[in-house]
Amino acid sequence: MKKLIFTLMFVATVAGVFNFQVARAVDPDAVRTCTNSFLGLPTWYKYLELDSQCRVKGPVKAGTDSLDMTKVVTRVSLAIIDILMRVGGMVAFGFIVYSGFRFVMSQGNPDQEKAARETAINAIIGMVITIFAIGIVTFIGRRLTTL
């Protein structure tokens with residue numbers, strides 16, 4: 001079980017380090033200005049197509065210049081789900097740190113050590129689940145943007 005958790009954490013870490021995000025901007029200078037983030041979280045317009053002034057230019061309905069609101073709402077919803085999953089991963093990391101403090105402060109008390117260990121295990125399981133969910137949402141979002 002420990003080897004499985006370690007392997008999953010290693011794969012998730014490597015995937016997070018090599019997570020290349022594709023910017024959908026027409027102008028290369030717009031990539032710098034349109035992809036601002038807070039705490040490394042993606043923007044709500046991550047999967048929308050932008051012009052050089054960071055305005056939404058697509059997705060458009062076939063044969064028209066108007067936005068396809070169904071696709072816009074779907075892509076924005078995916079971006080919001082992605083943001084929430086990443087916040088969940090940050091919360092799980094916070095619980096891992098918290099369980100470490102509880103473990104250190106237990107001072108040899110077996111009941112407190114057991115509670116701290118259970119908190120850490122639950123937090124790691126939660127983090128693995130959120131990492132996989134982020135991967136799935138990102139995969140779906142990238143596939144929708146290529147349509």
Side-chain angles (χ1 to χ4, degrees), residues 1-59 67-147:
M1 183 67 178
K2 288 182 182 179
K3 286 185 178 182
L4 175 66
I5 292 175
F6 178 77
T7 305
L8 290 175
M9 287 179 53
F10 177 76
V11 169
T13 303
V14 170
V17 169
F18 296 109
N19 184 13
F20 301 111
Q21 296 191 4
V22 178
R24 294 259 182 227
V26 176
D27 187 8
D29 294 332
V31 173
R32 235 177 292 111
T33 59
C34 297
T35 57
N36 296 332
S37 68
F38 178 71
L39 295 176
L41 296 173
T43 56
W44 63 269
Y45 50 84
K46 176 181 177 180
Y47 300 115
L48 298 177
E49 299 163 15
L50 307 174
D51 65 6
S52 61
Q53 275 75 40
C54 299
R55 293 179 296 210
V56 176
K57 72 168 196 155
L67 289 175
D68 186 354
M69 291 310 290
T70 306
K71 289 183 179 179
V72 169
V73 169
T74 303
R75 292 179 184 186
V76 170
S77 299
L78 278 173
I80 290 172
I81 291 170
D82 193 5
I83 292 168
L84 293 175
M85 290 293 143
R86 290 173 191 253
V87 168
M90 290 178 190
V91 170
F93 179 77
F95 270 103
I96 292 171
V97 172
Y98 171 69
S99 68
F101 282 122
R102 284 183 60 187
F103 190 77
V104 169
M105 300 304 281
S106 69
Q107 299 178 352
N109 185 343
D111 294 334
Q112 290 179 351
E113 284 180 6
K114 182 180 178 186
R117 191 174 298 114
E118 288 176 358
T119 302
I121 290 170
N122 290 337
I124 290 170
I125 291 169
M127 184 176 285
V128 169
I129 290 170
T130 57
I131 288 171
F132 282 121
I134 291 168
I136 291 168
V137 169
T138 304
F139 176 77
I140 292 170
R142 287 184 181 168
R143 293 295 173 226
L144 285 178
T145 57
T146 59
L147 296 178

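Note that the structure is a prediction, hence the values are computed from the model and not measured.
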Output a table of donor-acceptor pairs, distance under 3.5 Å, between side-chain atoms of residues 116-134 and any protein atom two or more places apart or on a different chain; print 'none' if there are none.
{"unit_1": "Thr119", "atom_1": "OG1", "unit_2": "Arg102", "atom_2": "NH1", "d": "3.2"}
{"unit_1": "Thr119", "atom_1": "OG1", "unit_2": "Ala115", "atom_2": "O", "d": "2.9"}
{"unit_1": "Asn122", "atom_1": "ND2", "unit_2": "Glu118", "atom_2": "O", "d": "3.2"}
{"unit_1": "Thr130", "atom_1": "OG1", "unit_2": "Gly126", "atom_2": "O", "d": "3.2"}
{"unit_1": "Thr130", "atom_1": "OG1", "unit_2": "Met127", "atom_2": "O", "d": "2.8"}

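Taken from CZ in Arg75 to OH in Tyr45, the straight-line distance is 16.0 Å, to the nearest 0.5 Å. The distance from atom NZ of Lys114 to atom CD of Gln112, rounded to the nearest 0.5 Å, is 13.5 Å. Between atom OG1 of residue Thr74 and atom CG of residue Asp68 there is a gap of 8.5 Å, rounded to the nearest 0.5 Å. Annotation: the span from Met105 atom CE to Glu113 atom CD amounts to 13.0 Å, rounded to 0.5 Å.
The two residues Leu78 and Val137 make their nearest non-hydrogen contact at O-CG1, 3.4 Å. Listed here is the closest heavy atom pair of Leu48 and Pro59: CD2-CD, 4.0 Å. Closest of all the heavy-atom pairs between Ala79 and Trp44 is CB-O, 3.3 Å. Pairing each heavy atom of Leu41 with each of Val87, the nearest pair is CD1-CG2, 4.1 Å.
Side-chain contact between Lys46 and Thr138 is present, with heavy atoms from C-beta onward closer than 4.5 Å.
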